[in-house]
**Q** 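Got a structure for you, written out below as C-alpha cells; questions coming shortly.
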There are 4 protein chains.
Amino acid sequence: MNKTKSNILMAAIEVVSKKGYHPATMDEIAKEANVAKGTLYYYFESKESIFNDMIDSGISMIREEILEKIKVTEDSMQQLRIITRAILTLVFERRNLFKIIISQLWGEDIRQIELRKKMNEVMDFIEAYIINCVEDGYFEAANTRLKAFNYFGAMMTTAVYYLNLEEPIDHASETMIEEILSQL
Amino acid sequence: MNKTKSNILMAAIEVVSKKGYHPATMDEIAKEANVAKGTLYYYFESKESIFNDMIDSGISMIREEILEKIKVTEDSMQQLRIITRAILTLVFERRNLFKIIISQLWGEDIRQIELRKKMNEVMDFIEAYIINCVEDGYFEAANTRLKAFNYFGAMMTTAVYYLNLEEPIDHASETMIEEILSQL
Amino acid sequence: MNKTKSNILMAAIEVVSKKGYHPATMDEIAKEANVAKGTLYYYFESKESIFNDMIDSGISMIREEILEKIKVTEDSMQQLRIITRAILTLVFERRNLFKIIISQLWGEDIRQIELRKKMNEVMDFIEAYIINCVEDGYFEAANTRLKAFNYFGAMMTTAVYYLNLEEPIDHASETMIEEILSQL
Amino acid sequence: MNKTKSNILMAAIEVVSKKGYHPATMDEIAKEANVAKGTLYYYFESKESIFNDMIDSGISMIREEILEKIKVTEDSMQQLRIITRAILTLVFERRNLFKIIISQLWGEDIRQIELRKKMNEVMDFIEAYIINCVEDGYFEAANTRLKAFNYFGAMMTTAVYYLNLEEPIDHASETMIEEILSQL
DNA sequence: AATGAATGAGATTTCATTCAT
DNA sequence: TATGAATGAAATCTCATTCAT
C-alpha cells in the first residue's frame, strides 16, 4: 500500500481507539498523520471508508497471521493452541485496533452491521477448528457455535483483564492460553 | 422518579441502544419520549447526564434485584447460581441497556471512564461471591479477579450468542447457567 | 408563512440573484436575513430546498396573479393582453427572482431539470390562451407550442433589454405589450 | 492552437454545458480530456481562464463564419438572412457552447459581466446589419437596438424549442429563418 | 510537455444547548 | 411544568491550485 495511505490508516487507528469513532475528528487524524486534511480525502472517500479499511486490514491480518502459523502441525488441538496464542498476541500488539472493533460491534449503523458480518466470518473460521477438535475427540460433541463464541469471549475478557493491569504484559502467556482452552 | 423524567430515560435507552451515544440526537430522544426538546433540559443538565442517569439506574437495579434474591439462602454456591440467573434474566429483559453498557465500556471519554469505574464496582461485588465460593471449597483457590472477569465475560458472550439466534429466547435457561458456572 | 421563513426566502432571492446559485453561500444568506446560519437549517432542509421553495413560490405567485386578473373579461385576445401585462409587471417587480429562474433553466442538475418541468407547465398555461386566440380567429392556426415559446422568449428579451437600460422603467408599457403581441 | 489545449477546451465545453460552471470540476474536465489535472494548469492559468477562452473562441468563430458567408451578396436583407442561417446552424452544431453562454449571461461575477460585454459586441454587430436593412427600406425605422435584442432572443427561443423536441433536427430550416425574420 | 500527490481555504450541514414565553 | 425557535461552534467534505518530479 502507498506509504501516505498506510500512514493515515495508522493515525486513524491511534485516534479512533483513543476517542471512539464519532469523537475522532478528521482534523485530529490529519494532524496525527502529519498531512493536510485534504490528503485524507485524496486517499479515502470518507471518514466511514477510513474506518472500513482499518477494520478490513485488521481482520485480514489476523487471518493471514493464523493461516501462516498453523502450517507447522496437523493435530487439531495443537492448531487451536496456535490460533489462541496468535490471536492473544495480536490483541496485545494491536490493542488499539481491537478496542475499536469491540466497541463498534454494537448498534445498527451500516458501519456496525458490516463489522458484525465480518466478525461472524471470523467465528466461522474459529468454529471450523473447534469442530476438528470435536471430531478428533478432544472435546465432547456439543454446540460448537456457542463454543466458538465462548472461546472468543473468553479471549476478549482475559485480554481486557490483563490490559487493565497496572503493569501490562505484552505477550500471550502459556497460562492464559491454557486457561482459555480449559473453558471449552 | 417523576413520570416524565423516567419516560425520557426510557426513550433515551431505546434510541441510544439503536444508534449509539453520539448519533442519538436530543431531537430523536425528545420525539421518542413525546416531549419537546426543551423538556429534556428541564429534567437533565445535558445529554451526558441523561446517559449517566441511564447507566446508574441500570446498575443499581441489578444490585437491588440481586441483593433481594440471594436472601433466600446462605450457601455461597447457591448464591452465585442465583446471581447468574438474575443477571442473565436482566440482560435479556433489558438488552438495550446492556448493549449500551457494553458498547460504551471502551474509549477515553469521561463518560466512558466513569462507566468503567462503575463496572469495576460491579466486578468487586461479583468477586466477593466468588471468593466466598473459594473459601467454602467450591472452586480451588486462584486469581479470583480474573475469575470474576471471565464469569462476566462468559455471561456477556453467552447472552450475545442467544440474542443473535433467529428465535431469541427471553429467559435464562438452567443450561446456560450451568454452562457459565462450569467455566469457573 | 412564518415570518422568519419568508424573511430567509427573501434574503436568499436577493443573494442568489446577485451571485448565482453556487457562489451564494449560506453564510451570506444568513447574514442578509439577519439570522444565524443554524436558523436556515431550522426552516429548510438544505440549500437546494431553499432554492426550490424560492422558485415554487415565485411560479405560483405568477399563476395566482394572472388567474385573478383575467377574470374581468371573456375575450381571448383581451386575456392574452392582460397576461402579457401581468407577466411583464412581475418581471420588473421581481426581476431578481426571474434572473434566477432564467439562469437556472440550463444544465442537468436535478434542481435545474425540476425547474424546466415547472416552466413547461407555465408554457402549457400560456399555450392554452394562445389556442383560444387561434380558435377565436385572432391569429392564424399554426404551431401554438412554438408560438408560446416565442411569446415567452420575446417577453424575456424585451424585459432584459429594458432592464439593462440606464434608467430602468418599472412598469410594463403598453408599447412593449403591443410589440410582443405583434410578434405572434 | 496546440492540440492538447483545444482538446481541453472541448472537454471543458462538454462538462460545463452538462453541469454548469461551478459544479464542473477541474478533475472532471481533466478526465474528459484524458489528461492529468496538472496539464490543465500547464495550458491555462485558472478555471476562469478556461471559461474565457471557451467563450472567446466561440464568439470569434461566429464572427468569422458570418463574415466569410455574407461576402456573396451586397443586399442587406439577403445578408441578414445569411446571418440568421449561420447563427442557427451554429446554435445547433455547437449547442453545448450556446447553453453555457445563455446560462452564464446572468449574475454579477466578473466572468459573467465580461460575458455580457462580449455579447453586447455581438449585438452591435447584428444591429449594424439591421440598420442597413432599415436604411434600405426593408423595415420601418424604429428602435434598432431593441430589434437586435428581439432578433437574438427569437433565435434563442426558437432554438431552445427545437432542441427540446423528441426528434431534434440538426440544421436550420428555411421555415425557422422566415419565422424569425418576420418578427422584425 | 506533462504529471498527480498534496494542500488548505472555505463550503454545507449537524446538533447540543439556551432562553423567552 | 413545558415549549420550540433560534443559535453558533464544530464537524465533514470539496476542489481550485501548487509544485516537485
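Chain naming here is simple, since letters A, B, ... match the order of the sequence lines and numbering starts at 1 in each.
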**Q** Would you state whether a donor and an acceptor, one from the side chain of A:Lys37 and one from the base of E:dT7, lie under 3.5 Å apart?
**A**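 Absent.
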**Q** Does C:Ser46 make a side-chain N or O approach to OP1 or OP2 of E:dT12 shorter than 4.0 Å?
**A**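 The answer is no; no side-chain N or O of C:Ser46 sits under 4.0 Å from OP1 or OP2.
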**Q** Check A:Arg116, A:Lys99, A:Arg111 against A:Gln104 for a side-chain hydrogen bond (donor to acceptor under 3.5 Å, both in side chains) and give me the one that passes.
**A**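 For A:Gln104, the side-chain hydrogen bond (donor to acceptor under 3.5 Å, both in side chains) test succeeds with only one of A:Arg116, A:Lys99, A:Arg111, which is A:Arg111.
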**Q** In whole Å, I'd like the distance from the CD atom of A:Glu45 to the C1' atom of F:dC15.
**A**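 Distance, rounded to whole Å: 15 Å.
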**Q** Given pairs defined as Watson-Crick or G-U wobble with both distances under 3.5 Å, what dot-bracket annotation applies to DNA chain E, with ( ) intrastrand, [ ] crossing, | other strand and . unpaired?
**A** .||||||||||||||||||||
**Q** Going by an N to O cut-off under 4.0 Å, is there a salt bridge joining A:Lys18 and A:Glu14?
**A**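 Salt bridge between A:Lys18 and A:Glu14, a charged N being under 4.0 Å from a carboxylate O: yes.
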**Q** So, is C:Tyr41 near the phosphate of E:dT13, with a side-chain N or O under 4.0 Å from OP1 or OP2?
**A**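 It does, given that an N or O in the side chain of C:Tyr41 lies less than 4.0 Å from OP1 or OP2 of E:dT13.
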**Q** Without swapping roles, check the side chain of B:Thr39 against the backbone of B:Val35 for a donor-acceptor pair under 3.5 Å.
**A**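 Checked: no pair found.
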**Q** Among residues 19-34 of chain C, which residues get a heavy atom nearer than 4.0 Å to DNA chain F?
**A**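 Hits under 4.0 Å, by residue number: none.
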**Q** Could you report the tightest heavy-atom contact between A:Pro23 and B:Asp109, atom names first, then the distance?
**A**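 Closest heavy-atom pair between A:Pro23 and B:Asp109: CG-OD2, 4.0 Å.
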**Q** Could you check how far CD1 of D:Ile50 sits from P of F:dC15, rounded to whole Å?
**A**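 After rounding, the reported distance stands at 15 Å.
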**Q** If every non-hydrogen atom of A:Gly58 is compared with every non-hydrogen atom of A:Leu97, which pair is closest and at what distance?
**A**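 Here A:Gly58 and A:Leu97 meet closest at CA-CD2, 3.4 Å.
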**Q** Please report, rounded to the nearest Å, how far the P atom of F:dT12 is from the CZ atom of A:Phe51.
**A**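 Going from A:Phe51 (CZ) to F:dT12 (P), I get 14 Å.
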**Q** Between D:Glu48 (CD) and F:dA16 (C1'), how many Å, whole number?
**A**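 Going from D:Glu48 (CD) to F:dA16 (C1'), I get 12 Å.
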**Q** Report the distance from atom CZ of D:Phe44 to atom P of F:dT18, rounded to the nearest whole Å.
**A**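 Atom CZ in D:Phe44 sits about 16 Å away from atom P in F:dT18.
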**Q** Distance check needed: E:dT12 C1' versus C:Leu40 CG, whole Å only.
**A**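 It works out to 11 Å between those atoms.
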**Q** Report yes if at least one side-chain N or O of B:Thr39 is closer than 4.0 Å to OP1 or OP2 of F:dT1; otherwise report no.
**A**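 Checking F:dT1 against B:Thr39, no side-chain N or O comes under 4.0 Å of OP1 or OP2.
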**Q** If each of B:Lys47 and A:Gly38 is mapped to the nucleotide of DNA chain E with the nearest heavy atom, which maps nearer the 5' terminus, i.e. the 5' end?
**A**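 Per heavy-atom nearest nucleotide, the more 5' residue is A:Gly38.
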**Q** Find the distance A:Tyr43:OH to F:dC15:C1' and express it as a whole number of Å.
**A**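 Checked: the OH to C1' distance equals 17 Å.
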**Q** Are any side-chain N or O atoms of D:Lys19 and backbone N or O atoms of D:Thr25, one a donor and one an acceptor, separated by less than 3.5 Å?
**A**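 Here the side-chain-to-backbone pair does not exist.
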**Q** Any carboxylate oxygen within less than 4.0 angstrom of a Lys/Arg side-chain nitrogen, looking at B:Lys118 and B:Glu114?
**A**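 No, this pair does not count.
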**Q** I'd like to know if the side chain of B:Lys5 reaches the main chain of B:Phe44, judged simply by a donor and an acceptor atom lying under 3.5 Å from each other, with no hydrogens or angles considered.
**A**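 Checking the backbone N and O of B:Phe44 against the side chain of B:Lys5, no donor-acceptor pair under 3.5 Å is found.
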**Q** Can you name the closest pair of heavy atoms from B:Ile8 and B:Ile29 and give their distance?
**A**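 Looking at all heavy atoms of both residues, the closest pair is O-CG2, 4.2 Å.
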